[in-house]
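Remarks on the structure that follows.
Computed from heavy atoms alone, side chains included, the values below leave out hydrogens, waters and symmetry copies. Order of appearance sets the numbers: ligands from 1, and atoms from 1 within every ligand.
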Amino acid sequence: MDKPEILYMVIPCYNEQDVLRETSSRLKEKYISLRKKGLISDRSRVVFVNDGSKDSTWSIIQELHRESPDFFSGIDLAHNSGHQNAVLAGLMTVKDICDVSITMDADLQDDINAVDEMLEKYYEGNQVVYGVRSARKSDTFFKKFTAESFYKFMKIMGADVVYNHADFRLMSRRVLNELAEFKEVNLFLRGLVPLIGFKSCSVYYERHERFAGESKYPLKKMLAFAINGITSFSTKPLKMITGLGFVMSLLSICAFIWAFIAKFAGFAELGWSSTICSIWLIGGLQLFCLGIIGEYVGKIYAEVKHRPRFIVADFLNEVGAEFINMDPDSKQETES
Ligand code: UDP
Ligand code: MG
């Protein structure tokens, strides 16, 4: 790839009037230094996505764009769609005008100095660079505990996420084009991006405290986010029902044996044995059958998501190679 490339940073903003001025001035400084270093082209921009804020976030974004149009752009969403959708809206809007994108929160909890290293990794050939928190010193014990349990639980439940990586991430235009093929409505980017594949690596940084404003992710939203992540990525909960049904059915055999012993030893009330046997057996069978229905529901769920079944990374063929690589880059060539 030819240096310098066009970088678009996508920043979702929901009621962020307290932080936007500071964030934008730090980002502008960063952009100036990146341009000087020859890491990004002058056509690079920071895109603020206003996610239906109720405060003056959008008017600040408009002002920023007016003051420095060669640094700041803005997207205004019609209503609050949530962090993940706001990020996706930004990425899908810029995917055809940028070479590489970085997503980051508006509160600068992620270290913008990691951007240099991310870009270097990108120029070394990585298509995805994950920003990973090396320490959580600034987080409260509660936030640290809930967040770390979240990653562990996600793994157990079968959703493959990068440990301690949130949504601070570099993605090339190529990856954005593939991401556009995932049409699912329940979006969980942290799980989707590793699914896309391609060469990727991580950059480590220390997470800071939010310097102003307050977190838009209280416990309730965090739990909803975790449940969405699990149910969007794995049908393991459904499989667990089948397993439970199986165990219950096995246990019912023990209950049978126990009921017979009790009956013939003579210490069972009349009718107790048959009642206890049916409860266990029917309970087990019902759960087992529910689990089987669950397996089918899981299959239907996978089908309706219409995820791409494969993504071609390269095609070594005289005509084909040209054709495959044409997708993201050739448009630009024909444009210029
Ligand atoms: N955000 C958004 N839409 C929402 C909620 C949050 O765009 O409905 C943005 C918010 O402005 C911020 C980012 O998502 O840029 C992360 O939110 P926050 O910093 O409050 O979460 P935390 O870091 O506390 O998990
Ligand atoms: Mg934050």
One finds that the ligand 1 atoms under 4.0 Å from a non-hydrogen atom of Ala106 are 15 (O)
Parallel, tilted or perpendicular: rings of Phe188 and Phe150 (30°, 60°):
perpendicular
Measure from the ring center of Tyr130 to the ring center of His165 and say whether it is less than 6.0 Å. yes
Atom 4 (C) of ligand 1 has as its nearest protein heavy atom Asp51 OD2, 3.4 Å
Exercise for review: Please answer whether the main-chain N or O of Tyr205 pairs with a side-chain N or O of Ser134 as donor and acceptor at a distance below 3.5 Å.
Suggested key: yes
Atom 10 (C) of ligand 1 has as its nearest protein heavy atom Glu16 OE2, 3.2 Å
On a heavy-atom basis, the closest approach of Met92 and Ala180 is SD-CB, 3.7 Å
Assess whether a salt bridge exists between Glu63 and Arg21, defined as any Lys/Arg side-chain N lying under 4.0 Å from an Asp/Glu carboxylate O. yes
*asked:* Quick check: do Phe168 and Met118 have side-chain heavy atoms less than 4.5 Å from each other?
replied: yes
Salt bridge check: are Asp111 and Arg207 linked by an N-O gap of less than 4.0 Å? no
shortest atom 17 (O) of ligand 1-to-protein heavy-atom contact is with Tyr217 CD1, 3.9 Å
min-distance protein heavy atom vs atom 1 (N) of ligand 1 -> Tyr14 CB, 3.7 Å
I'd like to know if Lys299 and Glu303 make a salt bridge, using a cut-off of under 4.0 Å between side-chain N and carboxylate O. no
shortest atom 14 (O) of ligand 1-to-protein heavy-atom contact is with His83 CD2, 3.0 Å
Ranked by distance from atom 19 (O) of ligand 1, the top protein heavy atom is Asp107 OD2, 2.6 Å
Check: of Gly90, Ser215, Gly52, Ala89, min heavy-atom distance to atom 22 (P) of ligand 1 comes from Ser215
Taking only non-hydrogen atoms of Arg207 and a 4.0 Å limit, the atoms of ligand 1 in range are 23 (O)
SB check Asp116 Lys30 (cutoff 4.0 Å):
yes
**Request:** Would you sort out whether Trp58 and Ser53 count as a side-chain contact (heavy atoms from CB on, under 4.5 Å), showing the intermediate values?
**Result:** CA-CA 7 Å; Trp58 179 238; Ser53 302; over 6 Å; no
Within the 4.0 Å heavy-atom cut-off, what Lys221 brings close to ligand 1 is side chain
Note: Met104, heavy atoms under 4.0 Å from ligand 1, region reported as neither
for atom 20 (O) of ligand 1, nearest protein heavy atom and its distance come out as Lys216 N, 2.4 Å
Discussion item. Treating Lys183 as the side-chain partner and Val304 as the backbone partner, does any N or O pair qualify as donor plus acceptor under 3.5 Å?
Written reply: no
Any heavy atom of Met222 under 4.0 Å from ligand 1? The part involved is neither
**Report entry** Salt-bridge contact Arg133-Glu206 (side-chain N to carboxylate O under 4.0 Å)
**Finding:** no
Open item on the list: Would Gln84 count as a contact residue for ligand 1, given that I'm defining contact as a non-hydrogen atom of the residue lying under 4.0 Å from a ligand atom?
Closed with: no
Notebook entry, point to check: Should Ala86 be counted as touching ligand 1, given the test is an N or O pair under 3.5 Å?
Noted result: no
Can Ile32 be reached from Val115 by stepping across I, L, V, M, F, W or Y side chains whose heavy atoms are under 4.5 Å apart?
-> yes
Protein-side N, O or S atoms sitting under 2.8 Å from the Mg ion (ligand 2) are Asp107 OD2, Gln109 OE1
Atom 25 (O) of ligand 1 has as its nearest protein heavy atom Lys143 NZ, 3.3 Å
The answer for which part of Val49 has a heavy atom under 4.0 Å from ligand 1 is neither
- Mind checking whether Tyr163 and Tyr151 have parallel, tilted or perpendicular rings, split at 30° and 60°? perpendicular
